[in-house]
Structures are given as C-alpha cells and as structure tokens.
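Keep in mind the model is a prediction, meaning the values are calculated, not measured. Sequence positions, counted from 1, serve as the residue numbers for this chain.
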Amino acid sequence: MSTLTGESLVLTQAEVAALLRIPETTLQDLARRGHGSIPRAWKVGRAWRWLASDVDAFIASRGERQAP
C-alpha cells in the first residue's frame, strides 16, 4: 500500500515490481545490491520503499541512466 509522506508518494516493493513488470524477488535483490538498473530504494525496517517520482522518472527514461 502506497503512503504519502510530506509531499512525496512512497511505493511498496509489490507496487514497484508490478509497475516495472519484474518479480518482487528480483527487485529486492537489485535494491539490496544498490544496482543502477532500478530506481534508488530505501530500506525501512525490513521493507524496501521507493519514491513514486523516482519510479515515474525511471519509467519515462526507459531505464536509461541520467547524468547526476
């Protein structure tokens, strides 16, 4: 279930996996390794969370890495 913190919508692992069309276990493994092929994630307790704006930007860029 997504949550709103401040002004940002936060997505769960299940929601991001569904948007990116990859298995949750793959997403969790990539997040754990800090892999650049997915949007940046934060660990909150035992769960991974993503900012919806980061996921939207990632989808819009079609997974291409953006210059910092």
J.: Are Trp50 and Gln13 close enough that some pair of their side-chain heavy atoms sits under 4.5 Å apart?
T.: yes
J.: Applying the side chain to side chain contact (heavy atoms under 4.5 Å, CB included) criterion to Pro39, which one of Leu11, Leu20, Leu51, Ile59 satisfies it?
T.: Leu20
J.: Testing the basics here: between Pro23 and Ala17, what is the closest heavy-atom pair and its distance to 0.1 Å?
T.: C-CB, 4.4 Å
J.: Rounded to the nearest 0.5 Å, what separation is found between the CZ atom of Arg33 and the CD atom of Gln28?
T.: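 If I round to the nearest 0.5 Å, the distance is 12.0 Å.
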J.: Would you compute the distance between atom CZ of Arg49 and atom CD of Glu15 and round it to the nearest 0.5 angstrom?
T.: 8.5 Å
J.: What distance do Ile38 atom CD1 and Asp54 atom CG have between them, rounded to the nearest 0.5 Å?
T.: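 Result: 11.0 Å between the selected atoms.
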J.: What distance do Ser37 atom OG and Ile22 atom CD1 have between them, rounded to the nearest 0.5 Å?
T.: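 Rounded to the nearest 0.5 Å, the OG-CD1 separation comes to 7.5 Å.
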J.: Which value, rounded to the nearest 0.5 Å, describes the distance between Phe58 atom CZ and Leu19 atom CG?
T.: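 If I round to the nearest 0.5 Å, the distance is 11.5 Å.
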